[in-house]
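Here is the structure we will look at, set down as structure tokens.
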Amino acid sequence: MFGFAKKGVALAAPVAGEVIGIESVQDDVFSQKILGDGFGVVPEPHSDQMVVCAPAPGTIVSLFPTGHAFGIETDDGLEILVHIGLDTVEMKGDGFQAHLAKGAHVDAGSPVVTVDLAKVRAAGCDPIVLVVLTNKNQVKSLSLDLVALATSGSNVATVKMG
């Protein structure tokens, strides 16, 4: 009522799958929160293709030429990196198709990149999708709603800014 409590920013699963804490990711840069706090979504194992969606409304502020990662800034100023897979930068864009460009406005659940999971797996890459809050000095807390399987677009976390 007096503005003492900051409202939380809801984050949706960018793909369907199992939501895990970022500490459980098999990559030190992410698991040690070097880039920031966040979570991962392990995609369903039997899918050959996945559409990676925006986890929150905002503006696409970066889109890697390889299509393996993109950044969103929300209207609240939260900076979100969505990183598709581990070591997928080595694929040089093969198997990734971006649907939007830098500057595009997205809603939570807006399709951003389609990924050929068969190619990702054939390249020996882990297909996990990471959601990382890169402006960690402005993030007060992140709470995950750990569920067995999240659907794409369902809210799975809340960020308190401070």
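Numbering of residues begins at 1 and proceeds along the displayed sequence.
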Sidechain-backbone polar pair: Ser154 side chain, Ala150 backbone, donor-acceptor under 3.5 Å: no
Heavy-atom closest contact (Thr74 atom, Ala56 atom, distance): CG2-CB, 4.0 Å
Leu149-Val51 co-clustered via ILVMFWY side chain contacts under 4.5 Å: no
side-chain hydrogen bond (donor to acceptor under 3.5 Å, both in side chains) contacts touching residues 38-51 (sequence neighbours left out): none
Those residues that, when tested against Val139, pass side chain to side chain contact (heavy atoms under 4.5 Å, CB included) (two or more places apart): Leu78, Leu133, Asn135, Val159
Val9 with Val61, same ILVMFWY side-chain cluster at under 4.5 Å: no
Leu130 vs Leu86 side-chain heavy atoms within contact, under 4.5 Å: yes
For Asn155 against Asp145, the heavy-atom pair lying closest together: O-OD2, 4.3 Å
CA sep, side-chain torsions, deciding dist, call: Leu11, Ile80, side-chain contact (heavy atoms from CB on, under 4.5 Å): CA-CA 10 Å; Leu11 297 178; Ile80 304 167; 3.7 Å; yes
Joint cluster assignment, Val132 & Val42, ILVMFWY side-chain distance < 4.5 Å: yes
Value rounded to 0.5 Å, distance of CD1 in Ile22 from CD in Gln32: 11.0 Å
Gap between atom CD1 of Ile128 and atom CZ of Phe30 - 0.5 Å precision: 9.5 Å
Test item: Ser62 side-chain N/O and Gly71 main-chain N/O as donor-acceptor pair under 3.5 Å: yes
Main-chain N/O of Ile34 paired to Lys136 side chain as donor or acceptor, under 3.5 Å: yes
Of Val106, Val131, Leu63, the residue whose pairing with Ile72 passes side chain to side chain contact (heavy atoms under 4.5 Å, CB included): Val106
Point-to-point distance, once rounded to the nearest 0.5 Å, from CG of Asp126 to CD of Gln26: 8.0 Å
For the student: nearest non-hydrogen atoms of Ala69 and Leu81, plus distance: CB-CD1, 4.2 Å
Distance-minimising heavy-atom pair for His99 and Pro111: CB-O, 4.2 Å
For Ile84 against Phe96, the heavy-atom pair lying closest together: CG2-CE2, 3.8 Å
Straight-line distance of Lys102 NZ to Ile60 CD1, nearest 0.5 Å: 11.5 Å
Derivation of the side-chain contact (heavy atoms from CB on, under 4.5 Å) call for His83 and Leu35: CA-CA 11 Å; His83 194 281; Leu35 297 177; over 6 Å; no
Verify same cluster id: Phe64, Val89 (apolar side-chain graph, 4.5 Å): no
Gap between atom CG of Asp37 and atom CG of Leu142 - 0.5 Å precision: 4.5 Å
side-chain contact (heavy atoms from CB on, under 4.5 Å) evaluation trace for Val112 with Leu100: CA-CA 6 Å; Val112 181; Leu100 299 174; 4.2 Å; yes
Contacts of Asp94 that satisfy salt bridge (charged side-chain N to carboxylate O under 4.0 Å, His left out) - sequence neighbours left out: Lys119
Smallest separation among heavy atoms of Cys53 and Gly109, with atom names: SG-O, 3.4 Å
